[in-house]
K.L.:
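My questions will all concern the structure given below.
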Amino acid sequence: GAVVSQHPSWVICKSGTSVKIECRSLDFQATTMFWYRQFPKQSLMLMATSNEGSKATYEQGVEKDKFLINHASLTLSTLTVTSAHPEDSSFYICSAILAGTDTQYFGPGTRLTVL
Amino acid sequence: QQQVKQSPQSLIVQKGGISIINCAYENTAFDYFPWYQQFPGKGPALLIAIRPDVSEKKEGRFTISFNKSAKQFSLHIMDSQPGDSATYFCAARLNQGGKLIFGQGTELSVKP
């Protein structure tokens, strides 16, 4: 089956630093990937849609200069949280669509804690 | 119009019982309705999905019932097991390759 991985699975950083999270589709090519944020006991909130070779499309209210998304290849998308602050602490999850299907596969998530 | 409303927020079911989670939507342009299961600290995993031209889909103990005229769909988990204890999300999609709109989630607890 289609597998999506994320790295790292958890990260702790100091306030003001930047953190990069990788999302990889391991056994399929994904022209479209999505980045979500999830706070405890809440639903998934879509942050942006990442298309290979083009600029990401951000949801309303998501700062594109703070959450930098790069989708340079058909198997890799990265999310960089710049100048992280404690309020950015959350569970970040990516997903990828298997081309030609309806199915959106999710990664295992990355727990970010900003001190 | 883009919202998907999910209920109940939490559900406690005895082992062997039937768990029922409901979702409602407004936008008739939605064309795909998946259900995801999420365990604590993990990413969501696709459980079962349906298109609006089908009224019911069954996979093992999991069944989606879809009522197009009422703009509602539900997940039924038959013979619920403690291992089914997780958070369940319904979702809806506008077009192939498009983003998913998620419901608020239902925390299911199956008591032994």
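Letters A, B, ... mirror the listed sequences (proteins, then strands); counts begin at 1.
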K.L.:
Please state whether the side chain, the backbone, both or neither of B/Q38 comes within less than 4.5 Å of a heavy atom of chain A.
P.N.:
side chain

K.L.:
Are more than 12 heavy atoms from other residues, nucleotides or ligands located less than 6.0 Å from atom NE2 of A/H7?
P.N.:
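No, not enclosed.
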
K.L.:
Does NZ belonging to A/K66 count more than 12 external heavy atoms closer than 6.0 Å?
P.N.:
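Yes, enclosed.
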
K.L.:
May I ask whether A/M47 and A/V19 are part of the same hydrophobic cluster, defined by side-chain heavy atoms of I, L, V, M, F, W, Y residues being less than 4.5 angstrom apart, directly or through others?
P.N.:
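Yes, same cluster.
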
K.L.:
Take atom CD of B/Q81 as the centre, draw a 6.0 Å sphere, and report whether it contains more than 12 heavy atoms from other residues, nucleotides or ligands.
P.N.:
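Enclosed: over 12 neighbouring heavy atoms sit under 6.0 Å from CD of B/Q81.
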
K.L.:
Do A/I69 and A/L74 share a hydrophobic cluster, counting only Ile, Leu, Val, Met, Phe, Trp and Tyr and linking them when any side-chain heavy atoms are less than 4.5 Å apart?
P.N.:
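They do not share one cluster, since no chain of ILVMFWY contacts under 4.5 Å joins A/I69 to A/L74.
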
K.L.:
Just by distance, do the side chain of A/S43 and the backbone of B/G103 share a donor-acceptor pair under 3.5 Å?
P.N.:
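Side chain of A/S43 to backbone of B/G103, a donor-acceptor pair under 3.5 Å: yes, one is there.
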
K.L.:
With a 4.5 Å cut-off on side-chain heavy-atom distances among I, L, V, M, F, W and Y, is there a chain of contacts connecting B/W35 to B/L94?
P.N.:
yes

K.L.:
Let me confirm one number: the CD-CG distance from B/Q104 to A/L44, rounded to the nearest 0.5 Å.
P.N.:
12.0 Å

K.L.:
Hey, are the side chains of B/E107 and A/K41 touching, using non-hydrogen atoms and a 4.5 Å cut-off?
P.N.:
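Yes, their side chains come closer than 4.5 Å.
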
K.L.:
Taking only heavy atoms into account, what residues of residues 87-96 of chain A are found under 4.5 Å from chain B?
P.N.:
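Residues in range: A/F91, A/I93.
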
K.L.:
Tell me which of these, B/A45, B/G105, B/P44, has more heavy-atom pairs under 4.5 Å with chain A than the rest.
P.N.:
B/P44

K.L.:
Any link between A/M45 and A/V81 through a network of hydrophobic side chains (Ile, Leu, Val, Met, Phe, Trp, Tyr) touching at under 4.5 Å?
P.N.:
no

K.L.:
What part of A/T103 is in contact with chain B, defined as an atom under 4.5 angstrom from a non-hydrogen atom: side chain, backbone, both or neither?
P.N.:
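When you check distances to chain B, atoms from both the backbone and side chain of A/T103 fall under 4.5 Å.
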
K.L.:
Taking every non-hydrogen pair under 4.5 Å, which of B/P40, B/A49, B/G41 racks up the most with chain A?
P.N.:
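Max contact count across the listed options: B/G41.
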
K.L.:
Please enumerate all residues that pass ring-ring contact (aromatic ring centres under 6.0 Å, His included) together with B/Y88, with sequence neighbours excluded.
P.N.:
none

K.L.:
Hey, are the side chains of A/D102 and B/R51 touching, using non-hydrogen atoms and a 4.5 Å cut-off?
P.N.:
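A side-chain contact under 4.5 Å exists here.
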
K.L.:
Are the side chains of A/Q104 and B/L46 in touch, meaning some heavy atoms are under 4.5 Å apart?
P.N.:
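No, too far: nothing below the 4.5 Å cut-off.
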
K.L.:
Tell me, for A/Q38 versus chain B, whether the close heavy atoms (under 4.5 Å) come from the side chain, the backbone, both or neither.
P.N.:
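Answer is side chain: those atoms of A/Q38 sit under 4.5 Å from chain B.
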
K.L.:
Below 4.5 Å from any heavy atom of chain A, which atoms of B/L100 appear? Answer side chain, backbone, both or neither.
P.N.:
both

K.L.:
Do you reckon B/F62 sits in the same ILVMFWY cluster as B/L108, going by side-chain contacts under 4.5 Å, direct or chained?
P.N.:
yes

